[in-house]
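Only a predicted model underlies this, so the values are computations on that prediction, with no experimental measurement involved. Residue numbers count from 1 along this sequence. Ligands are counted one by one from 1 in listed order, and the atoms in each one are counted from 1 as well.
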Amino acid sequence: MREFLDLLALLCLFSGGCSMSPKAAAPPLSGERAMEHVRAQVALGPHPPGSPALEKCREYIIGQLRGYGYEIRTDEFETETPYGRKVMKNLIARKGAPDRPVVVLASHYETKLMESIEFVGANDPGSSVGLLLELARVLADEKSSLDYWFVFLDGEEAFVDWSSFDSTYGSRHLAKRWQQDGTAAKIRAFILLDMIGDKNLDIMKETYSTRWLSDLVWETAARMGLQEILSKYAGAVEDDHLPFLRVGIPSVDIIDLNYGPGNSFHHTTADSIDKVSPDSMEKVGRLVLAVLKELQTQSRPRK
Ligand SMILES: [Zn+2]
């Protein structure tokens, strides 16, 4: 993704006290389990679009999800890139409750193609993929008024330089498809996770995100006493949520773009397994679960 506005100081969002015990409300979600998924991805080495390693990554993701009882759909397409035509595959895991409003939980799963370095992307995208798989396990048998879809997007990263043409290949393709087939209208919320495994979590308030949905995330975090993982800064980030926003789906990007001093670990060999924290992934996972509970209580989609 690309951040391209100056960070703006936010007003204090946390004047309320913490009334809820996060421990009591915590579902059996495990940062350590998410970490196992991160290790499995890193062990594949670099896995950019179209690579045999990405095929192995897909097999791993699909194997885990099938084990939790999900049905997997593959959204395969061919697209022009600065490196010629590439086949890409988005994965969509569902249990199938067609009459319920849908909430999508998403991450990209390919690593950025970096020919001069061995880039394994432990945090980007290892952590968000690992946490999505753990959330899929926890939510597999939950009784809910919502239908949860887990979406793994191909081709988020630019091959050369980030542009509207060279980036977010998978999300652009899937959002267009969902607009054309009417799926977009059934989606109450799209929650994107990106770079959420940093030991020093610093999740920024992303300003393209749908206001009511990002407010809901922030208010829920404050209520849970999770201010420590939030940044006091806000800024606009181009990421996989934008194509879904463009087709009218309320969307939020939960992202920490302060990875290492001055974001210096981002897209470097420093994005290695030792930088990723099970505790951070668990906190974000608990926050997402609490936000899903809030979304269940909404009788109508908000605009
Ligand atoms: Zn990236």
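- Residue side and main chain included, His267 places an N/O/S atom under 2.8 Å of the Zn ion (ligand 1).
- Shortest distance from the Zn ion (ligand 1) to Asp124 is reached at OD2 (N/O/S atoms only).
- Centroid-to-centroid, the aromatic rings of His241 and Phe190 stay 6.0 Å apart or farther.
- Within the coordination shell of the Zn ion (ligand 1), defined by N, O or S atoms under 2.8 Å, Asp194 is absent.
- The list of side-chain hydrogen bond (donor to acceptor under 3.5 Å, both in side chains) pairs with a residue in residues 92-107, not counting sequence neighbours, reads Ser107-Ser128.
- Checking Glu157 against the Zn ion (ligand 1), an N/O/S atom falls under the 2.8 Å cut-off.
- Taking the six-membered ring where tryptophan is involved, the planes of Phe77 and His173 are essentially parallel, since the angle between them stays under 30° and well short of 60°.
- Residues satisfying the ring-ring contact (aromatic ring centres under 6.0 Å, His included) test with Tyr148, not counting sequence neighbours, are none.
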